[in-house]
K.L.:
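After the structure tokens below, expect a handful of questions from me.
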Amino acid sequence: MNLFSNKQRQHSTTRNKRAVDQAMLSLSNWRELTVIDESASKPKVVARIPTLHFGIIIFVIAAILTVYIGQTHRSQDLLGEINTERRENVRLHLQHNRLVADLNAAIGPSVIHSRGTSLGLKRIHQLEDDHLTPQPPSVP
């Protein structure tokens with residue numbers, strides 16, 4: 001089944017021919033054609049870019065955005081890791097300070113002095129006093 005009958009085709013063909021003939025008669029020379037072309041609106045920027053260049057531009061923009069988003073996620077992951085390591089460093093410093101305090105409490109000067117006196121050692125000023133006082137002569 002034909003959508004258009006032969007009459008309809010002939011009618012549309014003759015109508016197109018008449019429109020072309022009328023346009024040709026209305027134009028007297030080539031200058032009028034250039035005036036018509038100059039008065040026509042210029043194509044937009046996107047319409048003037050070839051399809052291949054447009055595809056490449058879109059691909060480059062998508063690649064740049066992908067790299068930017070990936071870098072942002074890597075930076076956030078690295079910042080979380082740095083914060084974790086910083087907390088661990090503070091914890092280790094606190095533990096070190098506590099252990100140094102425990103060591104000083106165990107072997108500090110006051111502890112050594114009290115242990116020495118409990119063992120029978122004399123204080124330094126008592127030794128000096130003993131040395132300066134005359135001692136009885138020893139008998140041979």
Side-chain angles (χ1 to χ4, degrees):
M1 176 176 153
N2 290 337
L3 294 176
F4 295 107
S5 65
N6 285 337
K7 267 187 176 178
Q8 287 175 339
R9 268 192 230 148
Q10 287 175 351
H11 178 65
S12 66
T13 306
T14 55
R15 195 167 74 195
N16 288 343
K17 282 184 181 179
R18 272 188 273 146
V20 169
D21 290 340
Q22 186 179 12
M24 292 301 282
L25 291 175
S26 66
L27 299 173
S28 61
N29 60 16
W30 286 102
R31 286 190 190 143
E32 290 182 16
L33 283 176
T34 57
V35 170
I36 290 172
D37 287 339
E38 288 175 1
S39 66
S41 64
K42 293 184 178 180
K44 302 206 187 251
V45 175
V46 176
R48 284 186 272 165
I49 298 174
T51 305
L52 180 63
H53 290 167
F54 186 73
I56 290 172
I57 290 170
I58 294 295
F59 180 75
V60 167
I61 290 172
I64 289 171
L65 286 175
T66 302
V67 168
Y68 174 74
I69 291 170
Q71 181 65 27
T72 303
H73 284 290
R74 280 192 302 264
S75 297
Q76 288 176 348
D77 292 342
L78 185 61
L79 182 62
E81 187 177 331
I82 287 172
N83 286 335
T84 302
E85 296 299 326
R86 187 174 290 149
R87 282 192 297 271
E88 178 69 14
N89 188 25
V90 168
R91 186 188 67 77
L92 289 174
H93 276 285
L94 291 174
Q95 182 181 7
H96 175 263
N97 290 341
R98 183 177 46 82
L99 292 174
V100 166
D102 291 345
L103 180 67
N104 287 338
I107 62 169
S110 62
V111 174
I112 291 173
H113 188 268
S114 65
R115 285 186 186 165
T117 54
S118 68
L119 291 173
L121 299 175
K122 296 182 179 179
R123 295 183 178 185
I124 293 176
H125 67 285
Q126 287 176 345
L127 291 173
E128 290 175 355
D129 290 342
D130 289 344
H131 183 61
L132 293 176
T133 58
Q135 294 186 358
S138 61
V139 180

K.L.:
Would you mind reporting whether I82 and R86 have side-chain heavy atoms less than 4.5 Å apart?
P.N.:
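Counting from C-beta outward, R86 and I82 do come under 4.5 Å.
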
K.L.:
Mind checking the CD-OG1 spacing from E81 to T84? Nearest 0.5 Å is all I need.
P.N.:
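OG1 of T84 is found 7.5 Å from CD of E81.
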
K.L.:
Nearest 0.5 Å, what's the CG-CD1 distance between L52 and I57?
P.N.:
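That separation rounds to 10.0 Å.
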
K.L.:
Tell me whether L99 is reachable from L92 by hopping between hydrophobic residues (I, L, V, M, F, W, Y) whose side-chain heavy atoms are closer than 4.5 Å.
P.N.:
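No, L92 does not connect to L99 through the hydrophobic network.
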
K.L.:
Which residue, L94, V100, D102, forms the side-chain contact (heavy atoms from CB on, under 4.5 Å) with R98?
P.N.:
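For R98, the side-chain contact (heavy atoms from CB on, under 4.5 Å) check succeeds only for D102.
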
K.L.:
If we ignore angles and hydrogens, is there a donor and acceptor under 3.5 Å between the side chains of H93 and N89?
P.N.:
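N89 and H93 do have a side-chain donor-acceptor pair below 3.5 Å.
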
K.L.:
Can you name the nearest heavy-atom pair linking I107 to I112, along with the distance?
P.N.:
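Shortest heavy-atom separation between I107 and I112 comes out as O-CD1, 3.4 Å.
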
K.L.:
If I take atom CD1 from residue I56 and atom CD1 from residue I58, how far apart are they, to the nearest 0.5 angstrom?
P.N.:
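Reported value, rounded in 0.5 Å steps: 11.5 Å.
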
K.L.:
If you draw a 6.0 Å radius around CD in E88, do more than 12 non-hydrogen atoms from other residues or ligands fall strictly inside?
P.N.:
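Yes.
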
